[in-house]
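For the numbers below, each heavy atom of this structure counts, side chains included, while hydrogens, waters and symmetry mates do not.
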Amino acid sequence: MEQMKRTVTCGQLTAKNEGQTVILNGWVHRNRDHGGIHFINLRDRYGETQIVVDEDAAEALKEKAGSLKFEYCVAIEGIVRARPESMINPDMVTGEIEVSVKNISILNSCKTLPFMIEDETDSNETARLKYRYLDLRSKGMQDRIILRNNVTYAIREYLQKSSFLEIETPTLIKSTPEGARDFLVPSRLHAGKFFALPQSPQLYKQLLMVSGFDKYFQVARCYRDEDARGDRQLEFTQIDMEMSFVSVDDIFKITEGMMGHVFKKSLGVDLPLDFQRISYDDAMNLYGSDKPDLRFDMAFQDFAPFVPASSFGVFKSVLEAGGAVKALVVPGAAADYSRKKITELEETAKTFGAKGLAWMKVTTEGLDGGVSKFYNDQADAICSGLEAKEGDLILLMGAAWKTACNSLGAVRSRLGKDLKLIDENLYRFVWIVDFPLFEYNEDEKTWEPAHHMFSMPQEQYLETFDKDPGPVKGDLYDLVLNGYELASGSIRIHDPELQQRIFNVVGFPKEVAEERFGFLLESFRYGAPPHGGIAAGVDRLVMIMAGKESIKEVIPFPKNNAGMSPMDDSPAWVDADQLQDLHLNIIMPEVDKKEE
RNA sequence: GGAGGCGUAGCGAAGCUGGUUAUCGCGCCGGCCUGUCAAGCCGGAGAUCGCGGGUUCGAUGCCCGUCGCUUCCGCCA
């Protein structure tokens with residue numbers, strides 16, 4: 001039989017089409033046989049349409065309809081008819097009509113499914129990944145992949161209109177020493193040499209600035225050989241942008257405008273633009289994170305003023321060692337938080353390196369429970385100082401500054417979820433600015449770049465940063481949305497002398513720098529313009545817009561947590577011939593050797 | 001590398017302190033059914049309870065080990 005090509009999709013028929021003869025192509029989503037009358041829901045990416053086989057249909061047709069199982073791919077010819085008034089389904093776009101079938105063609109049958117195709121499956125992730133092509137048929141996944149398309153479309157639309165050029169950069173590049181672990185690609189033509197897959201197009205976009213393409217962007221695939229997380233995969237996609245002759249404010253403005261356009265176009269949401277800015281120090285001190293979720297407040301307070309007058313030795317020694325003691329007042333939580341629940345909060349803190357979590361409750365008499373006996377004589381001062389009221393729970397964290405911030409920050413996040421303080425409909429953007437340029441590595445006793453080596457120190461540190469790297473802030477910024485780092489960028493160094501001074505601070509020998517990215521340094525000597533940029537994670541953005549907590553939900557074919565694909569079983573062994581071509585020998589780790 | 005959680009039919013789950021013919025829903029197979037839209041009703045098949053060892057008269061359940069998945073820490077400029 002000649003193929004019955006569709007004349008309409010499964011999502012478009014309404015009462016207006018009554019009487020028309022149509023052909024639909026799609027998948028059998030549901031099949032309800034009532035003995036006499038028979039309903040089939042036919043589905044494609046546009047929607048669902050109800051097909052009816054009536055009592056008086058030909059026997060052969062009825063039999064064929066009865067043989068249709070889940071996910072058979074079929075073509076159906078029939079006549080659009082209005083449903084009887086009482087049979088209209090208001091939950092269906094096509095609920096006003098049904099198609100009375102005249103002809104059914106089975107385009108392909110379908111085995112018994114490993115899991116049902118439902119709006120949101122509850123099947124296990126391994127099965128979903130193994131049969132990803134089936135999982136992607138679900139409405140939830142289709143919606144998210146379509147959302148992802150709409151997001152990248154809106155981004156391109158906005159940036160093109162803003163005079164940006166979309167330019168591709170190589171994915172076979174030179175391995176660079178800093179940052180994450182590189183994926184390496186062996187060279188066949190050059191024995192023993194390797195390409196690396198880019199962790200980002202960083203160096204190339206800077207070179208494009210030197211070339212005069214003053215507004216660049218790319219939807220760039222990036223690769224980092226590190227352990228996965230809910231918001232991290234081996235490969236992921238960035239909107240990578242770079243601009244010449246710009247200040248931080250210019251970059252913020254274009255990014256804010258882009259986000260506004262994306263949310264308006266793909267979700268119909270009007271974002272309040274001109275995002276809030278918080279310094280890194282404030283973000284850490286107040287929320288215990290460089291990516292704070294500001295959909296709820298509950299900021300930390302400094303508890304150090306109350307430490308000296310108390311006999312509680314733990315906090316005293318923390319302060320003497322240069323650490324911090326922070327207080328988190330949880331309004332009205334005293335009654336709900338038993339010792340057991342507080343211990344659970346403490347466990348959360350401990351995973352972030354805290355030794356413990358002190359607490360006390362505010363009562364009519366003063367302070368009660370936990371460490372209150374050490375502080376009751378200061379009860380009034382503490383309560384007024386922290387603005388704590390009767391019924392509040394006060395959590396106290398004393399540790400080295402960063403540990404104190406991070407661990408209490410984790411407690412804050414958990415409380416935000418547990419106490420349902422988070423408005424799920426909110427998109428709360430915040431710029432984190434004034435990041436430190438360098439971090440001290442206690443183990444190596446060296447200074448390291450906090451982000452990367454190409455970021456500009458802020459002007460006030462330009463003279464002195466080599467001598468005293470600790471306090472130096474860079475023109476570095478992150479864009480944070482609902483507690484996720486969404487974008488990160490900086491104003492770059494375009495002066496080779498300045499760049500060399502940075503290398504010196506982080507103990508990067510001149511010869512190594514020349515060897516690794518001499519080409520970039522050399523380009524700076526040919527009239528490189530001042531420039532800066534930002535890169536935004538597409539997967540995370542779409543994930544948040546879709547209300548999900550894993551980027552696997554918005555990536556068509558993701559890897560699992562172990563960095564493998566259950567569908568195609570990659571990574572996989574290769575033939576000895578291939579290895580020989582690439583001049584490679586495999587040396588198995590000891591443990592695996594025994595198993596071989 | 002480390003910590004927590006999970007592992008019972010194709011899928012999702014139940015199985016309390018050790019003794020069941022291992023339960024339920026979806027799916028699958030067969031039958032009935034004229035208006036459903038997660039259709040309904042009746043019947044049936046389908047499980048070495050992740051794997052190995054131990055304790056016990058007896059283990060899905062307790063203990064040890066191991067594997068897998070998952071979330072997090074480390075890592076991710």
Worksheet, complete the sentence: Residues passing the salt bridge (charged side-chain N to carboxylate O under 4.0 Å, His left out) test with A:D495, sequence neighbours excluded, are none
Worksheet item: To the nearest angstrom, how far is A:E439 atom CD from B:rC76 atom C1'?
Response: 13 Å
Worksheet item: With a 4.0 Å cut-off on heavy atoms, is A:K69 in touch with a base, just the backbone sugar-phosphate, or nothing at all?
Response: sugar-phosphate
Fill in: Donor-acceptor pair (no angle test) under 3.5 Å: A:R232 side chain, B:rC76 base
yes
Worksheet item: For the residue pair A:F252 and A:W431, does the interplanar ring angle fall in the parallel (under 30°), tilted (30 to 60°) or perpendicular (over 60°) class?
Response: parallel
Response to the item:
Separation of B:rC73 atom P from A:E226 atom CD, nearest Å, is 14 Å
Fill in: Those residues that, when tested against A:W27, pass side chain to side chain donor-acceptor pair (under 3.5 Å) (two or more places apart)
none
Practice prompt. Could you give the distance separating B:rG2 and B:rG10 at their C1' atoms, to the nearest angstrom?
Written response: 35 Å
Worksheet item: Where along nucleotides 4-15 of chain B does protein come under 4.0 Å, by heavy atom, of base (B) or sugar-phosphate alone (S), with - for untouched nucleotides?
Response: ------SSS---
Worksheet item: Hey, is NZ on A:K174 packed in by over 12 heavy atoms from elsewhere, all under 6.0 Å?
Response: yes
Worksheet item: What integer number of Å spans the P atoms of B:rC49 and B:rG40?
Response: 32 Å
Worksheet, complete the sentence: Protein heavy-atom contacts under 4.0 Å, written 5' to 3' over nucleotides 31-38 of chain B as B (base), S (sugar-phosphate only) or - (none), form the string --BBBBBS
Worksheet item: Which word best sums up how the rings of A:H452 and A:F454 line up, parallel for under 30°, tilted for 30 to 60°, or perpendicular for over 60°?
Response: tilted
Discussion item. Using the salt bridge (charged side-chain N to carboxylate O under 4.0 Å, His left out) criterion, which residues pair with A:E59? Sequence neighbours excluded.
Written reply: A:K62
Item to complete: Using a 4.0 Å heavy-atom cut-off across all strands, classify A:K552 as base, sugar-phosphate, or nothing.
Response: sugar-phosphate
Practice prompt. Give A:A450 one of three labels, base, sugar-phosphate or nothing, depending on what nucleic acid heavy atoms sit under 4.0 Å from its own.
Written response: sugar-phosphate
Worksheet item: CD1 of A:I551 versus P of B:rC72: gap in Å, rounded?
Response: 11 Å
Worksheet item: Are the ring centres of A:F517 and A:F503 closer than 6.0 Å?
Response: yes
Fill in: Between P of B:rC75 and OH of A:Y223, the distance in whole Å
26 Å
Worksheet item: Between atom NZ in A:K111 and atom C1' in B:rG27, what is the gap in whole Å?
Response: 15 Å
Response to the item:
Side-chain atoms of A:M564 come closest, of B:rG27, B:rC29, B:rC69, to B:rC69
Worksheet entry | Backbone of A:L68 reached by a side-chain donor or acceptor of A:N31 within 3.5 Å | yes
Worksheet entry | Stretch residues 401-409 of chain A: residues that reach within less than 4.0 Å of RNA chain B through a heavy atom | none
